[in-house]
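Take a look at the structure set out below.
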Amino acid sequence: MTNQEVARILRQIAEILQIKDDNPFKVRAYRKAADAIYHFDEDINVLNQTGRIADIPGVGRAVQEKVEELLRTGSLAYHERLLQDVPLGVLDMLHLPGLGPRTVRNIYEHLRITSLDELLQAAQEHRLRGLAGVGENTEAAIIKSIEEQKLSRGKVTLGEALPLAEHLLRYLLSTSPVLDGSIVGSIRRGKPLVSDIDILLATRQPEKVVSLINEYPGIKQVTTAEPGHIQGLLSGNMEFEIIMVDPDYYYFNLVRTTGSKAHRDTIFNHQHAELFFGARGEADIYQRLGLIYVAPELRENRGEIELARTGGLPHLLNLTDIRGDLHTHSKWSDGAEGIAEMAGSAIALGYEYIAVTDHSKSLSISGGLNEERLRLQGKEIDVLQADLPLTILKGIEVDIMKDGALDFSDDVLAGLDLVIASVHSNFKLDKVQQTERLIRAIQNPHVDIIGHLSGRLLNRRYGYELDILRIIEAAAEYKTILEINAHPDRLDIDEETARLAKGYGVKMVINTDAHHRVDLSLMRYGVMNARRGWLEPADVVNTWNKDRLFEYLSSRRS
DNA sequence: GCCGTTTTCGGCCCGACTGTTTTCAGTCG
């Protein structure tokens, strides 16, 4: 069991206890322990072997014993018992916006509803509105959000799928008689939501791969197993497909199985496979088609094929171009670690700079900073900076109020190296008000970056309504940088907006919004998203060196 | 259930908004 799987069980326990109206501090303790284990940068199994599970902050005696049982037996009696009181389908309801533990408990107890399908039906038949606190609007909101969810049903975020795919591929490469292998399909193209894991292997002994797949520790079920093709489910119910091909046709198949259908149909156009026999790489395949190599993230038939013919494809940025992270949190607000720890991890990543951007005062739940604590934080940074080989920018993630005003005065903001302005409240304003609100923030000369512009959370909620073109025009006029939030639940701004913004000359920045040290490594998702938006290093300010970045920041403020 | 330079009990982030009410509980970030 991985840290993430253990954390998932603990989170379910927290949710069930919440629905059962147990002690809220106990609920929080389970959540906190789950979060800490999820983000801990050592394997929980290794910690277990050395009896160090309780070294993880937030994990005490009770949780330690439960984790030990989980790792020893693969299940947990306490968890099983709780699931008899509150089935898993009830927890799905808790994830719908607008539904909290109280309402879900009412729905479950009074109507015995245990799945989203049943809930949808009950809402459509107006059977919910008799319950305490549920009226017409809540019913309508439930119908809307379940139907929205259906649009992405069965899909998971790239952040969930990519690590699972990498783990499976590593297993196959290390145990099986394969000459080469790659993740293919939509994961390789970096799509934010994917439906399954596709892996391509070059092998002359496909039957041996078939015999080894059942021994993979993360396997749940194999549904198809024939030479050339394996299909099944991983333990978290993630679908996977392994395609095995003759090594002489590996690169042909790599291109064929990576591109979107529209891309591959257009480039291959019924050409015979023999034409691509013995190719030495993907570039060779494209060359034989009279094309320049096209990066996986571009293979969507959105104009890349014409440019591959004539030259003029963008020179996409790479993860190695990133020189710093300009949106991070620390213990000063809702981050899990101190500034020194975050900076240490940034140094390990080879960064030149990092910005500390904790929340501002109105976000009190997150321990947002007031002016005095912001000043004290600045002093701490001064002390730390003296010994460090990287530059720490003193920043803030300042809240954008309902009317577009900011949570700090211009004087306070002027004293900082970097200001990110973000929306954390009033998501339901209409399109005109929401757009005006953001434009007012964009126009503020002290605002360098707009954080997670749309507010979307993949698989959970759509972004608020915005006139995106007006936002981009304003960002271009005021030289305000738009963030590509790299967190795989956000990837906000999305690829279309990024590509549009680039066309208007708007600069962007890829930030992780890290709340833990390990979150700094989420950068790669943001880079994939930026590449899907056709961005080049010149478009993304944190590919620039410190001098160029500072020069840009000071030029746009004057 | 966790935690402790206020230490083995008694604390543990809170304030605004929403939809349902008719004075507020539940949800959100």
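This one's a predicted model, so the numbers in the text were calculated from it and none came from an experiment. Throughout, protein chains are lettered first and strands after them, A, B, ... in sequence-line order, and every chain is numbered starting at 1.
- Distance alone, capped at 3.5 Å, is enough to place a donor-acceptor pair between the A:Asp407 side chain and the A:Lys361 backbone.
- If you measure from atom CG of A:Asp35 to atom P of B:dC13, you get 15 Å, rounded to the nearest angstrom.
- In terms of the ring pair (Phe, Tyr, Trp, His ring centres under 6.0 Å) criterion, residue partners of A:His516 (sequence neighbours excluded) are, by chain and number, A:His39.
- Here the separation of B:dT27 from B:dT8, taken at their P atoms, is 37 Å to the nearest Å.
- Between the CZ atom of A:Phe427 and the P atom of B:dC28 there is a distance of 11 Å, given to the nearest Å.
- Between A:Lys66 and B:dG1 there is a side-chain N or O to OP1 or OP2 distance below 4.0 Å.
- When the C1' atom is used for both B:dT23 and B:dC17, the distance is 16 Å, rounded to whole Å.
- Distance noted for atom C1' between B:dG1 and B:dA16: 29 Å (whole Å).
- Across all strands shown, A:Asn23 has heavy atoms under 4.0 Å from base atoms, whether or not it also approaches the sugar-phosphate.
- Heavy atoms of A:Val63 sit under 4.0 angstrom from primed sugar atoms or phosphate atoms, though from no base atom.
- A donor-acceptor contact under 3.5 angstrom links the side chains of A:Gln377 and A:Asp358, judged on distance only.
- The P atoms of B:dC3 and B:dC13 are separated by 13 Å, rounded to the nearest whole Å.
- The distance from atom CZ of A:Arg460 to atom C1' of B:dG29 is 11 Å, rounded to the nearest whole Å.
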Using a 3.5 Å cut-off and no angle test, enumerate the donor-acceptor pairs between side-chain atoms of residues 111-121 of chain A and protein atoms at least two apart in sequence or in another chain.
residue	atom	partner	partner atom	Å
A:Ser115	OG	A:Glu118	N	3.2
A:Glu118	OE1	A:Thr114	N	3.0
A:Gln121	NE2	A:Glu125	OE2	3.2

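- Distance A:Arg28 CZ to B:dC3 P: 13 Å, rounded to the nearest Å.
- Using P as the reference atom, B:dT20 and B:dG26 are 14 Å apart when rounded to the nearest Å.
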Side-chain donor-acceptor distances from residues 50-59 of chain A under 3.5 Å, at least two apart:
residue	atom	partner	partner atom	Å
A:Thr50	OG1	A:Val46	O	3.0
A:Thr50	OG1	A:Leu47	O	3.2
A:Thr50	OG1	A:Arg52	NH1	3.0
A:Arg52	NH2	A:Glu42	OE1	3.2
A:Arg52	NH2	A:Glu42	OE2	3.1

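- If you take atom P in B:dC2 and the same atom in B:dT6, they sit 23 Å apart, rounded to whole Å.
- For A:Ile9 and B:dG1, the CD1 to P distance is 17 Å, given to the nearest whole Å.
- Going from atom NE2 of A:His359 over to atom C1' of B:dC13 covers 13 Å, rounded to whole Å.
- The side chain to side chain contact (heavy atoms under 4.5 Å, CB included) check on A:Arg323 picks up A:Glu352, A:Tyr353, A:Asn545, with sequence neighbours excluded.
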### Under 4.0 Å protein heavy-atom contact, by nucleotide of nucleotides 14-27 of chain B - B base, S sugar-phosphate only
BS-S-SS-----SS

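- Here B:dC13 presents its C1' atom at 11 Å from CG of A:Leu363, a figure rounded to the nearest Å.
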Side chains of residues 23-33 of chain A: which donor-acceptor pairs under 3.5 Å do they make with residues two or more places apart or in other chains?
residue	atom	partner	partner atom	Å
A:Asn23	OD1	A:Phe25	N	2.9
A:Tyr30	OH	A:Lys66	NZ	3.4
A:Arg31	NH2	A:Gln18	OE1	3.1

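- For the atom pair A:Asp492 CG and A:Leu457 CG, the distance stands at 8.5 Å (nearest 0.5 Å).
- Across all strands shown, the partner of B:dC17 is B:dG26, judged by Watson-Crick or G-U wobble contacts whose two distances both fall under 3.5 Å.
- In this structure, A:Phe25 atom CZ and B:dG10 atom C1' are separated by 10 Å, rounded to whole Å.
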